[in-house]
Structures are given as structure tokens and as C-alpha cells.
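So that the names make sense, note that chain A is the first sequence line, chain B the second, and so on, each numbered from 1.
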Number of protein chains: 2
Amino acid sequence: MPGDKLTEDVIGERFGVSRTIVRTVLARLHAEGLVDMQPNKGATIAQPSLSEAQDVFETRMCLERQVLVRLAEKVTLDDIERLQRHVDLETKANTQDGAAAIRLAGEFHILLASLSGNRVLARYVDEVVSRCSLILALYSRPHSSDCSIHEHQQIIDALRLRNSQAAIDAMDHHLKAVTDRALLSSTSDKQRDIRSILDRYAS
Amino acid sequence: MPGDKLTEDVIGERFGVSRTIVRTVLARLHAEGLVDMQPNKGATIAQPSLSEAQDVFETRMCLERQVLVRLAEKVTLDDIERLQRHVDLETKANTQDGAAAIRLAGEFHILLASLSGNRVLARYVDEVVSRCSLILALYSRPHSSDCSIHEHQQIIDALRLRNSQAAIDAMDHHLKAVTDRALLSSTSDKQRDIRSILDRYAS
DNA sequence: TATTGGCATTCTGTATGCATAATTGTATAC
DNA sequence: GTATACAATTATGCATACAGAATGCCAATA
């Protein structure tokens with residue numbers, strides 16, 4: 001799917017809107033790094049390179065650490081409850097609906113960021129989480145998200161004790177696991193390019 | 001200037017382009033937090049609230065710390081030279097052209113971020129620096145930037161020694177000074193609103 | 001005099017049309 | 001059979017036109 005052409009007419013027809021609308025949406029997605037655009041050549045679903053992927057992960061770690069620093073200072077019992085309910089949802093979805101489980105796993109981080117109360121931080125986290133999803137779709141092999149849920153739980157537990165360092169450690173460990181799963185499988189950008197071409201032909 | 005209406009027709013005429021172009025630019029600036037947009041009411045130059053301003057500064061600190069961590073690991077002599085040349089430029093501008101001095105002070109941070117090599121981080125730093133400029137325009141009283149230059153120099157010196165902690169300390173101190181200058185003058189969002197209204201009437 | 005209703009104006013939101021750049025396909029030459 | 005050039009098709013970039021929402025103004029009425 002990454003690399004696919006996004007023709008304005010096609011999308012517009014599909015959603016019953018004019019090219020103008022499609023154009024603004026594509027521009028927005030481009031700004032968020034989810035679609036690539038070339039002048040006079042149009043838009044494609046972004047194919048982040050390996051180094052771009054590393055940049056996204058590094059930035060994500062940096063942002064999410066800050067989220068936890070803030071949260072450790074100011075979480076309310078209400079917040080903790082919301083987080084706990086979310087992880088419970090994740091647990092439920094994990095045995096039933098794989099797609100939902102993946103979506104919920106991302107939304108946990110977005111929820112954390114929004115609870116931090118810093119809107120700017122939250123917007124950036126939202127973006128990098130989306131981009132990570134795209135990266136995982138590109139590079140990662142299918143996997144269970146059992147561990148994710150466990151790590152999410154660890155983060156909540158640390159926040160409940162207002163232990164920011166423990167929360168950050170859990171987050172670091174968590175994101176490192178995700179990163180490794182995504183990036184250690186390929187060893188170079190070139191390899192990635194080849195693989196994506198092969199994938200295209202295979203489907 | 002913040003709060004001013006940005007009418008599409010007016011801007012388009014001013015720059016000799018159609019509303020289509022203006023619209024995309026405004027949308028982009030909105031995404032970057034530099035203009036406010038309300039449905040069916042158009043765009044205005046953003047008037048970040050005090051809490052929004054604090055969020056921007058906090059996020060900026062977080063991002064720039066990461067920039068320095070990376071740079072302390074990987075700066076080259078070339079990089080150091082470019083930074084030094086930039087600060088020299090700042091020093092020169094400081095005595096001659098106030099507007100240029102302010103611009104260069106912001107660009108120092110953008111240069112740092114781009115030298116980090118992390119494009120994602122660099123884009124976010126670019127955004128928050130722009131937003132900080134807007135915030136300073138809103139809240140801050142005019143001031144000399146002598147201290148800024150000295151602090152920039154400290155950061156370079158720390159990087160030259162690959163001492164990330166010293167660089168981060170200098171940056172923290174630097175940004176804290178800027179933040180205080182901007183945010184301690186006002187004490188609440190309400191006060192800011194009132195002041196902006198008065199400013200409007202005065203001009 | 002204050003308030004409300006309606007009218008006119010202005011500006012935004014969206015669609016569409018036209019010109020230009022890119023791509024694809026075809027024909028011809030080597 | 002391959003390569004190149006040219007034509008036809010397609011898609012993008014931009015401008016413009018039209019419809020609908022918001023604002024302001026004025027008059028009418030309480």
C-alpha cells in the first residue's frame with residue numbers, strides 16, 4: 001500500500017467530492033508525513049526510508065518521555081481510570097479483533113498525550129504515532145501485541161505511583177521493542193526499496 | 001498584529017495570486033499554529049493564549065534538548081564552524097539591524113536542529129520557533145538580545161567539547177530566559193485578552 | 001430609546017474549467 | 001528487434017465562478 005498513487009480525480013469520485021477537497025486533504029497528509037508529493041507528479045502514500053523511520057522513532061521517544069514527565073506530576077485518579085479502561089479494551093480486542101487491537105495500541109499513546117494537557121505535544125505525538133503505524137505497515141512482520149499491552153499496563157502502574165522514571169523506563173523499553181521489530185528486520189534503505197518492489201509484484 | 005483578519009481576496013490581490021494559493025498557504029500556516037481559522041469565518045493571525053504559549057515553550061525545550069543530545073554525539077568541525085559563523089553574524093547584526101538580529105536569533109536554533117540530521121525533529125523545531133516568535137510579538141516587551149548571543153556561544157562551546165549536559169544546561173537557561181521574558185509579564189489569560197483588546201483600540 | 005426583523009454586502013466553501021506538464025502508446029527508422 | 005521521436009491521453013496547478021453563511025445596517029415597532 002505505501003507507494004501507491006493517490007490520484008485526485010479517483011479519490012474525489014470515490015468520496016463524492018471535488019478535487020479541491022481532495023487536494024486540501026492530501027496537502028494536510030503531506031504536511032503530516034503520511035503522503036509523499038512531487039510537483040506536477042502528484043501524491044503517493046508515503047514510503048518512509050529507513051533513516052526517516054529512525055528519525056520518527058527518535059522524535060517519538062523524545063516527545064513521549066515529556067508526556068510522561070508531565071503526567072507523573074499531574075495525573076488524576078480519573079485519568080488513571082480512563083487509561084486503565086483503555087488497556088482493558090486492548091486486552092479484550094487482542095483475542096478477538098486484530099485490526100482493532102493495533103488501532104487501540106496506537107490510541108493508547110494518543111490518549112496519554114492528550115491527558116498530558118499540552119496540546120502542542122499532543123498534536124506532535126498524534127503525528128508521530130500515525131507515521132509509526134505507516135512505518136510498521138511498511139517494514140514490520142505481523143506480530144502479537146500481547147507484550148504491548150503488558151507494557152502499557154506497566155506505564156499506567158508507574159503513573160499511578162507518580163514515578164516518572166519508571167514510566168519513562170517502561171516507555172523506552174516499549175518503544176524500543178516496537179522500533180526493533182520494525183527496523184532490525186531490514187538492514188539498509190536499498191534493501192527496503194527492493195523488498196517493496198517485490199511486494200508490489202507479489203500482490 | 002496578532003488577531004488581524006487575513007482576508008483571502010486581499011492577500012491574493014496583494015501578492016498577485018488567486019485565492020486558491022492563498023487558501024493553501026493559510027491552511028498550512030494554520031496547521032503550524034501561526035493562524036487561527038474558524039469555519040465560515042476565515043483566518044486571523046494566531047493569538048496564542050498564555051497556556052498555549054507555555055505548551056509551545058515546554059515542547060520546544062523538549063525538542064531542543066534532543067537536538068543537543070544528538071549533536072553532542074555527532075557534530076563535525078564543519079558544523080561547529082557554521083554555527084560559529086552564524087553567531088558572528090548575530091553579533092554583527094546586533095549593533096546594526098535589530099530586526100535582523102531577532103530573525104538570526106531564531107535561525108540559530110533552526111540551524112542547530114537541521115545539523116542534528118533528524119528531519120522530523122528539525123521540522124518540529126522550526127514550527128515551535130516560529131510560534132515562539134509570534135508569542136514574543138504578542139507578550140514580550142522589546143529587549144536587547146545581547147544575552148541571547150552569549151548563550152548561543154555557550155551552546156557552541158559545549159558542543160565543541162561534545163559535552164551534551166553543558167549544552168543542554170545552556171539551552172535550558174537560554175530558553176528559560178526567553179520564556180520568562182515572554183510569560184512573566186502577563187499573569188493570566190484574561191489579562192492578555194484585555195490587553196490585546198486595548199491594543200486594538202489604541203491602534 | 002432599545003430591540004428585532006429583514007435586506008444587502010462581504011467573505012468563505014466548493015466545484016469546475018482551462019492551460020501546462022507528464023506519461024503512455026504507437027509508429028517509424030535503423 | 002530495439003530505440004527514438006512524436007502524438008494522444010491523462011493528471012496536475014491554478015484561476016474563476018457560483019452558492020451559502022456571516023456580518024452589518026437600516027428601518028420598523030414596542
In short, the helix from C:dT1-D:dA30 to C:dC30-D:dG1 is bent end to end, axes from five pairs each side, to 10°, by 10°
Nearest heavy-atom contact between A:L104 and A:L89 is CD1-O, 3.9 Å
From the candidates C:dA22, C:dC11, C:dT16, the one with an atom nearest any side-chain atom of A:K41 is C:dA22
Chain A reaches DNA chain D, atoms under 4.0 Å from its heavy atoms, from D:dA11 to D:dG13
Open item on the list: Quick check: do B:Q96 and B:K92 have side-chain heavy atoms less than 4.5 Å from each other?
Closed with: yes
To the nearest angstrom, the CG-P distance between B:L26 and C:dT12 comes to 9 Å
One pair to check against side-chain contact (heavy atoms from CB on, under 4.5 Å): A:L83 and A:L111. What are the steps and the verdict? CA-CA 8 Å; A:L83 289 166; A:L111 176 59; 3.8 Å; yes
- Please tell me if the side chains of B:H86 and B:R82 come closer than 4.5 Å, counting only heavy atoms from C-beta onward. no
From CG of B:D9 across to P of C:dT10 the rounded distance in Å is 11 Å
Open item on the list: Strictly below 4.0 Å, N to O, side chains only: are B:E127 and B:R123 in salt-bridge contact?
Closed with: yes
Atom CD of A:E13 and atom C1' of C:dT16 are separated, to the nearest Å, by 14 Å
Do any side-chain nitrogens or oxygens of A:S18 fall under 4.0 Å of OP1 or OP2 in C:dA15? yes
Taking every heavy atom of A:P48 against every heavy atom of A:L134, the minimum-distance pair comes out as CD-CD2, 3.8 Å
Comparing nearest nucleotides in DNA chain C, the 5'-proximal residue of the pair A:N40, A:G16 is A:G16
Heavy atoms under 4.0 Å, any strand shown: does A:T7 hit a base, just sugar-phosphate, or nothing? sugar-phosphate
Q) Under 4.5 Å between any side-chain heavy atoms of B:D79 and B:L115, yes or no? A) yes
B:Q38 CD to C:dG13 C1', in whole Å, measures 15 Å
Answer with yes or no whether the side chains of B:H174 and B:H150 bring together a donor and an acceptor at under 3.5 Å.
-> no
From CD1 of A:I21 across to P of C:dT12 the rounded distance in Å is 16 Å
Between CZ of A:R23 and P of C:dT16 the distance, given in whole Å, is 16 Å
Check the orientation of B:H152 and B:H109. Use parallel for under 30°, tilted for 30 to 60°, and perpendicular for over 60°.
perpendicular
